[in-house]
Amino acid sequence: MHLKRRYVLVNTTAMLKNNTQTNYRQELKGKILVTAMTMFKRQGIKLVKMDDIAQALSISKRTLYEIYENKEQLLCEGVKYEHQLRLEHLRQFSEHARNEMEIVMEVIRLNLLHLGQINPLFFSELQKYSRVVKFLQDQHEERRSHSIRFVQSGVEHGYFRSDINYEIVSSMSDAVMNHVMMTKMYEQFPISEIYKHYVNIVFKGICTEKGLAELHLG
């Protein structure tokens, strides 16, 4: 009986230790992603070394490489992590939003906040990482179909004009963004300012009087 209790005690202690280590590792993974993405966006991806990230977190380089094999994996996971956080935020926000225009304003607010924190180098250097580019392209296509449904809902509720082909508008928007990136317009103007002018033109063009009354772009 004594041996049995001892076995249970040892087994329980081992399980608790493993759980503690697992929880610590999960928390550390999250901290690494947040720290790395902050550094990538502020300094550009190329300038940030794995050593720099490890030092910023006061962990060993070995520990960092045990969790993320290389910078591309870390960048890819960081982009996915931020994407999921954004989706969850918008999902929760949409549940309590009064109408489509409130959601539009929240998306614009998030984008301006995001863009205002990014070094232009981040965008140009991002194109060198094929896994990240593929993920962003896939998400763009998924978001595009969702946006069309969202706009149709806004049309039904009287916020967006019904006399516009939104498939064409979507394709034109892609062309504008591609032009901004290809010409590196962000080197001449702050990218947040480019985005602000872009949304002013687009939404003031597609909104009805009812929609414009809810639009506060400043």
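- Under the 4.0 Å criterion applied to side-chain N and carboxylate O atoms, Arg62 and Glu66 are assigned as salt-bridge partners.
- You'll find the side chain of Met37 reaches within 4.5 Å of the side chain of Val79, heavy atoms only.
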Hey, mind stepping through Leu215 and Leu212 against side chain to side chain contact (heavy atoms under 4.5 Å, CB included) and telling me if it holds?
CA-CA 5 Å; Leu215 194 65; Leu212 288 172; 4.1 Å; yes
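- Gln84 contributes atom CD, which lies 7.0 Å from atom CD of Gln139 (distance to the nearest 0.5 angstrom).
- By the 6.0 Å contact criterion, CD on Glu141 is enclosed, its count of non-hydrogen atoms from other residues, nucleotides or ligands being greater than 12.
- With 3.5 Å as the limit, one finds a donor-acceptor pair spanning the side chains of Glu88 and Gln92.
- A single hydrophobic cluster is not seen to contain both Leu47 and Leu126; linkage of ILVMFWY side chains at heavy-atom distances under 4.5 Å, directly or through other members, places them apart.
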When you look at Lys128 and Glu72, which way does the salt bridge (charged side-chain N to carboxylate O under 4.0 Å, His left out) test go after all the steps?
CA-CA 10 Å; Lys128 301 174 184 177; Glu72 181 169 14; over 6 Å; no
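- In this structure, Lys46 places its NZ atom where only 12 or fewer heavy-atom neighbours from other residues, nucleotides or ligands lie under 6.0 Å away.
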Can Glu95 and Arg91 be said to form a salt bridge (charged side-chain N to carboxylate O under 4.0 Å, His left out), step by step?
CA-CA 6 Å; Glu95 289 179 355; Arg91 184 191 67 78; 2.6 Å; yes
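- Separating the CD1 atom in Ile103 from the OH atom in Tyr159 is a distance of 10.5 Å, to the nearest 0.5 Å.
- The backbone N or O of Glu142 lies less than 3.5 Å from a partner atom in the side chain of Ser145, making a donor-acceptor pair.
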Is there a side-chain hydrogen bond (donor to acceptor under 3.5 Å, both in side chains) between Arg161 and Thr208 once you walk through the steps?
CA-CA 5 Å; Arg161 291 167 54 181; Thr208 61; over 6 Å; no
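- Between the side chain of Lys71 and the main chain of Ile45, a donor-acceptor pair closer than 3.5 Å is present.
- Listed here is the closest heavy atom pair of Lys134 and Asp138: NZ-OD2, 2.7 Å.
- Tyr129 and Val133 are members of different hydrophobic clusters when ILVMFWY side chains are connected at heavy-atom separations under 4.5 Å.
- Of the possible donor and acceptor atoms, one in the side chain of Gln73 sits under 3.5 Å from a partner among the backbone N and O of Glu69.
- From Met185, atom CE reaches atom CZ of Phe189 across 7.5 Å, with rounding to the nearest 0.5 Å.
- Taking the side chain as every heavy atom from C-beta outward, Glu102 and His96 never approach each other to under 4.5 Å.
- Residues Lys196 and Glu193 meet the side-chain proximity criterion, which asks for heavy atoms closer than 4.5 Å.
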Extract all donor-acceptor atom pairs below 3.5 Å that involve side chains of residues 53-60 and protein atoms in other chains or at least two apart in sequence.
from: Ser60; atom 1: OG; to: Thr63; atom 2: N; distance (Å): 3.0
from: Ser60; atom 1: OG; to: Thr63; atom 2: OG1; distance (Å): 2.8

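- In summary, the aromatic rings of Phe135 and His83 are positioned with their centroids under 6.0 Å apart.
- To the nearest 0.5 Å, atom CD of residue Gln43 and atom CD of residue Glu125 are 10.5 Å apart.
- Hydrophobic cluster membership is shared by Phe150 and Ile164, with clusters built from Ile, Leu, Val, Met, Phe, Trp and Tyr side chains linked at under 4.5 angstrom.
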Checking side chain to side chain contact (heavy atoms under 4.5 Å, CB included) for the pair Arg98/Glu214: CA distance, chi angles, key distance, verdict?
CA-CA 11 Å; Arg98 292 185 298 110; Glu214 298 277 344; 3.3 Å; yes
Worked verdict on Leu74 versus Met50 for side chain to side chain contact (heavy atoms under 4.5 Å, CB included):
CA-CA 9 Å; Leu74 176 52; Met50 295 291 271; 4.0 Å; yes
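- The CD atom of Glu82 lies 7.0 Å from the OG1 atom of Thr38; values are rounded to the nearest 0.5 Å.
- His140 is not listed as a side-chain neighbour of Met177, based on a closest heavy-atom distance of 4.5 Å or more.
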Please determine whether side chain to side chain contact (heavy atoms under 4.5 Å, CB included) holds for the pair Asn111 and Arg86, giving the CA-CA distance in whole Å, both sets of side-chain angles, and the decisive distance to 0.1 Å.
CA-CA 10 Å; Asn111 286 342; Arg86 177 188 173 90; 2.9 Å; yes
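- Looking only at side-chain heavy atoms (C-beta outward), Glu106 and Ser94 stay at 4.5 Å or farther from each other.
- For the pair Tyr68/Leu33, a side-chain contact is recorded, criterion being any heavy-atom separation below 4.5 Å from C-beta on.
- Transitive grouping of hydrophobic side chains (ILVMFWY, heavy atoms separated by less than 4.5 Å) brings Leu136 and Leu110 into a common cluster.
- Side-chain heavy atoms closer than 4.5 Å link hydrophobic residues (I, L, V, M, F, W, Y) into clusters, and following such links, possibly through other members, connects Val132 to Leu85.
- Here Ser162 contributes atom OG and Glu156 contributes atom CD; the two are 11.0 Å apart, rounded to the nearest 0.5 Å.
- Closest approach of Gly158 and Lys210 over heavy atoms only: O-CB, 3.5 Å.
- Between the side chain of Ser153 and the backbone N or O of Arg149 there is no donor-acceptor pair closer than 3.5 Å.
- Using a 4.5 Å heavy-atom cutoff, the side chains of Tyr198 and Ser173 are in contact.
- When only modelled atom types and interatomic distance are considered, Ser147 and Tyr166 share no side-chain donor-acceptor pair under 3.5 Å.
- Scanning all heavy atoms of the two residues, the minimum distance from Met101 to Cys207 falls at CE-SG, 3.8 Å.
- No side-chain heavy atom of Arg109 sits less than 4.5 Å from a side-chain heavy atom of His114.
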Using a 3.5 Å cut-off and no angle test, enumerate the donor-acceptor pairs between side-chain atoms of residues 116-124 and protein atoms at least two apart in sequence or in another chain.
from: Asn119; atom 1: OD1; to: Leu121; atom 2: N; distance (Å): 2.9
from: Asn119; atom 1: ND2; to: Arg42; atom 2: O; distance (Å): 3.2
from: Ser124; atom 1: OG; to: Leu121; atom 2: O; distance (Å): 3.1

